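Each remark here refers to the structure printed beneath this line.
Computed from a prediction, not measured in an experiment: that's the story for all the values here. All chains are named by letter (A, B, ...) in the order of the sequence lines, taking the proteins before the strands, and each is independently numbered beginning at 1.
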2 protein chains.
Amino acid sequence: MSVYDAIRMRRDVRAEFTGERISEPQLTRILQAGHNAPSVGNTQPWDFVVVQNPDTLETFADHVADCRRNFADSLPPERRETFDPIKIEGICESGTGIVVTYDPSRGGANILGRHTVDDTGVFSAVLAIQNIWLAAVAEGIGVGWVSFYDEEFLTDLVGVPAPVRPIAWLCVGPVSQFQQTPDLVRFGWRDGRPLDDAVHRETF
Amino acid sequence: MSVYDAIRMRRDVRAEFTGERISEPQLTRILQAGHNAPSVGNTQPWDFVVVQNPDTLETFADHVADCRRNFADSLPPERRETFDPIKIEGICESGTGIVVTYDPSRGGANILGRHTVDDTGVFSAVLAIQNIWLAAVAEGIGVGWVSFYDEEFLTDLVGVPAPVRPIAWLCVGPVSQFQQTPDLVRFGWRDGRPLDDAVHRETF
């Protein structure tokens, strides 16, 4: 699949997981794609924790459901009505979670490129996520990034040692289809804006 | 070009810019690729400031040279010797800078998915960068992420209004070739680690 097709077809998947599990060769290929990401000072500060134990998936799904309720309760009534039918995770249905972590200590004291902009460390791990996401599309594998969780809960759940921190839970699994329109647009939560609005010349 | 080939060929480019300028159609296509990135709550919190004025490029390059000297001065002697020949930017040679910014206010007060992990906002803008990077490879366009700068300097240089912040300067332009081996490995700064070291099962 071409780069542009993968970028165009990529969706944040919630409802389209088939319930089958990703094969090991596919999993290895998409993790290798993540591992090929650029990183500040070539630190490769990411790790990937592959979670497939049904009990762990269910424990995490329960926690996410709690966080979802908290968010719903914080919304004004008309937004709550829009939010209610939106599915925000496919933790159990996907069969596989990839917890992506960031280790700020990797690379030691003198990290080339991080002395001025410290955030470039954690940004490197985010670049790995996008590689995983696009490689997955090429494999017919859906990815859904879940962010309805407390970082401390996830840290304990998969035993992430300080100073490493989890930065994402990705639901990863075979899908029946990729939706043409992003879920949040389809469900009326928020439309996109035109590219022209995002592009500026010489100054912001 | 296939997703996997783009991921494999992608390099952080410094020395291989030809001095030609990227064409407008190519620029639009890679910015559209960035704009197709996923974002928390579909906020699309990125903007892209395209800088091609030679005076601005030179001003930024001078500032980066200062930051480079500061970093070199901070290194122990043996690391300094390794660092000295490494080129860390191609700001003027690339002919185009894309300043990627992050607007934390986009999407208002109730952002779906950011109430628990606030960083998912800025992470969204980083995902856009990786889309740009991979689309560029497919176009034969090199990208080099420069992080040797003070955020305040860059904010002023391209007139980024608070609360928006610049998160990256990307040097973007046609290249003679993509190196097979990353610069930091070729120059002996830091080797990569095997994928197996990065992958964990069930727990970290």
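For the residue pair Y4(B) and E139(A), a side-chain donor N or O sits within less than 3.5 Å of a side-chain acceptor on the partner.
Residues of residues 88-102 of chain A that come closer than 4.5 Å to chain B, counting heavy atoms only, are I88(A), T101(A), ordered by residue number. Within residues 164-175 of chain A, the residues approaching chain B closer than 4.5 Å by heavy atoms are, in numerical order, V164(A), R165(A), I167(A).
A donor-acceptor pair under 3.5 Å is absent between the side-chain atoms of R201(B) and the main chain of V50(A), judged by distance alone. At distances below 3.5 Å, not a single donor-acceptor pair connects side-chain atoms of N36(B) with backbone N or O atoms of R8(A). Formation of a donor-acceptor pair under 3.5 Å by the E202(B) side chain with backbone atoms of Q52(A) is found in this model. Panel note: side chain H35(A), backbone R193(B); a donor-acceptor pair is recorded below 3.5 Å. Remark: the backbone N or O of A128(B) is not paired with any side-chain donor or acceptor of Q130(A) at under 3.5 angstrom.
P38(B) is not listed as a side-chain neighbour of W145(A), based on a closest heavy-atom distance of 4.5 Å or more. L184(A) is listed as a side-chain neighbour of L112(B), based on a closest heavy-atom distance under 4.5 Å. In this structure the side chain of F123(A) reaches within 4.5 angstrom of the side chain of V126(B), judged on heavy atoms.
Chain A forms more heavy-atom pairs under 4.5 Å with one residue of A125(B), G41(B), S74(B) than with any other, namely G41(B). When L157(B), T120(B), N53(B) are compared by the number of non-hydrogen pairs under 4.5 Å with chain A, N53(B) comes out ahead. Comparing V40(A), T56(A), N110(A) by heavy-atom pairs within less than 4.5 Å of chain B, the highest count is held by N110(A). Comparing P182(A), A135(A), A138(A) by how many heavy-atom pairs each has under 4.5 Å with chain B, the most go to A135(A). Considering only heavy-atom pairs separated by less than 4.5 Å from chain B, the leading option among Q32(A), R106(A), R11(A) is R106(A). The greatest number of non-hydrogen atom pairs below 4.5 Å with chain B, out of V117(A), V122(A), D191(A), is found for V117(A). Counting heavy-atom pairs under 4.5 Å between each of V158(A), L75(A), V146(A) and chain B puts V158(A) at the top. Of the listed residues D12(A), L31(A), D150(A), the one with more heavy-atom pairs under 4.5 angstrom with chain B than any other is L31(A).
No part of D183(B) comes within reach of chain A, as not one of its non-hydrogen atoms sits under 4.5 angstrom from that chain. Only the side chain of R10(A) comes within contact range of chain B, with heavy atoms under 4.5 Å apart. When heavy atoms are compared at a cutoff of 4.5 Å, L27(A) approaches chain B solely by way of its side chain, counted from C-beta outward. Of the two parts of R29(A), the backbone and the side chain both hold a non-hydrogen atom closer than 4.5 Å to a non-hydrogen atom of chain B.
Counting non-hydrogen atoms of neighbouring residues, nucleotides and ligands closer than 6.0 angstrom, the CD atom of E78(B) exceeds 12 such neighbours.
One finds the CG atom of L127(A) at 8.0 Å from the CG atom of L127(B) (value rounded to the nearest 0.5 Å).
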